[in-house]
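Just below is one structure, and these are the notes that go with it.
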Number of protein chains: 2
Amino acid sequence: MTNNEIEKKLALKNVKPTAMRTLVYKTLVNSGKALSLADLEMQFEKVERSTIYRALKSFEENFMVHPVDDGTGAVKYAVCDDDCTCNIHDLHVHFYCTRCGRTRCMKELPIPEMKLPAGYTYDKAQFIIQGVCPRCD
Amino acid sequence: MTNNEIEKKLALKNVKPTAMRTLVYKTLVNSGKALSLADLEMQFEKVERSTIYRALKSFEENFMVHPVDDGTGAVKYAVCDDDCTCNIHDLHVHFYCTRCGRTRCMKELPIPEMKLPAGYTYDKAQFIIQGVCPRCD
DNA sequence: TTAAACTTTGCAACAGTGTTGCACAAACTT
DNA sequence: AAGTTTGTGCAACACTGTTGCAAAGTTTAA
Ligand SMILES: [Mn+2]
Ligand SMILES: [Mn+2]
Ligand SMILES: [Zn+2]
Ligand SMILES: [Zn+2]
């Protein structure tokens, strides 16, 4: 994705496309996997943790990325589909590879509806499958 | 559960039943919900974080408790069934109530098998449903 | 029963993650 | 151009998880 496309997308989602935000979003979208704050921090040595942090937060608030907690201790962020509103229908399984540490969206696997016992209401869900990915097998 | 029963259970699982370990396990089992290191630390002011930490680790290694990462930032621990080996067949959904912060096992809801794309192997999974529990509704 | 060997606990320290206040810089308004 | 709003960098902090080490406690074996 080009800088220009990214800037357009940010604007579309009501996030002012600053240089930093463009950079962060581009890295995320081009990586093809979920990245943590620390992952991003490493990729561009000279940008401040808090700046990246705040960029991620505004992406999250505007449904551009969703958090994935794969159990490694740091929350990762994956880019949302264009039409995502991060509601129950956009939820999907995530896969965490224990060999390469890569975490990715499995949009082809929506999170199955569960019949909860009486009295429970369903708001959100996280479904993380841990195993080994094709690259590492 | 009485101290005596707990000591027996620890012994059965090859964990030497020291006073601290008995205390930690008892608290966990009697709470009826998953507790984090910090939760436990608060319940008995004068026991060291690292002692509780190590108790939890040995419980975990011996299939007496399983970790639940409900996304609140601290891993919680829930007691296993007696015959649990923490393998794929023991996995179940966990429910996190956003009102009371309580996290509990839903043993009645086993984690559904998912047909992964070719090349992926399935090792473990975490499925956390977030919502409001009957008490809080 | 005592000494040696092993295990558990407490203490202190540390790295990693997430988060915020504040001041300066940059961008936008009038 | 001056004033206002927004973004960034820096520093600090709280919390989680983890470990080395020494003291205390327990087990074993002479
Ligand atoms: Mn995803
Ligand atoms: Mn459970
Ligand atoms: Zn892999
Ligand atoms: Zn509740």
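No hydrogens, no waters, no symmetry mates; every other heavy atom, side chains included, goes into these values. So that the names make sense, note that chain A is the first sequence line, chain B the second, and so on, each numbered from 1.
If you measure from atom CG of A:Leu37 to atom C1' of C:dT19, you get 10 Å, rounded to the nearest angstrom. Between the P atom of C:dT8 and the CG atom of B:Leu23 lies a distance of 16 Å, rounded to the nearest Å. Atom CG in A:Asp69 sits roughly 12 Å away from atom C1' in C:dT17 (whole-Å rounding). One atom, OH of B:Tyr53, and another, C1' of C:dT8, lie 16 Å apart when rounded to the nearest Å. A straight line from CZ of B:Phe44 to P of C:dT9 spans 12 Å, rounded to a whole angstrom. A straight line from CD1 of A:Ile52 to C1' of C:dT17 spans 13 Å, rounded to a whole angstrom. For B:Leu10 and C:dT8, the CG to C1' distance is 14 Å, given to the nearest whole Å. The separation between A:Arg49 atom CZ and D:dA12 atom C1' is 11 Å, rounded to whole Å.
Using a 4.0 Å heavy-atom distance criterion, B:Thr18 is classed as a sugar-phosphate-only contact. Note on B:Arg21: only backbone sugar-phosphate atoms sit closer than 4.0 angstrom, heavy atoms only; bases stay farther off. At a threshold of 4.0 angstrom between heavy atoms, the contacts of A:Lys46 with the nucleic acid are absent.
Nearest heavy-atom pair across B:Phe95 and B:Cys133 is CE2-N, 3.9 Å. Of all the heavy atoms in A:Leu40 and A:Thr27, the pair that sits closest is CD2-CG2, 3.9 Å.
A salt bridge is absent between A:Lys76 and A:Asp69: the closest approach of a Lys/Arg side-chain nitrogen to an acidic carboxylate oxygen does not fall below 4.0 angstrom. We find that B:Lys107 and B:Asp81 are joined by a salt bridge, their nearest charged nitrogen and carboxylate oxygen being less than 4.0 Å apart. Looking at B:Glu5 and B:Lys8, no side-chain N of the basic residue comes within less than 4.0 Å of a carboxylate O on the acidic one, giving no salt bridge.
Of the listed nucleotides (D:dT8, C:dG18, D:dT16), D:dT8 has the atom at the smallest distance from the side chain of A:Thr51. Relative to the side chain of A:Ser50, the nucleotides D:dA12, D:dG9, D:dT19 differ in distance, and D:dG9 lies closest. Closest to the side chain of A:Glu48, out of C:dG18, D:dG17, D:dG9, is D:dG9. Looking at the side chain of B:Ala74, the nearest of the listed nucleotides D:dC10, D:dT16, C:dG18 is D:dT16. Taking every side-chain heavy atom of A:Lys57 into account, C:dT19 is the closest of C:dT19, D:dT18, D:dG9.
If B:Val75 and B:Lys16 are placed on DNA chain D by their nearest nucleotide, the residue sitting closer to the 5' end is B:Val75.
Put simply, the side chain of A:Arg54 and the base of D:dG9 share a donor and an acceptor less than 3.5 Å apart.
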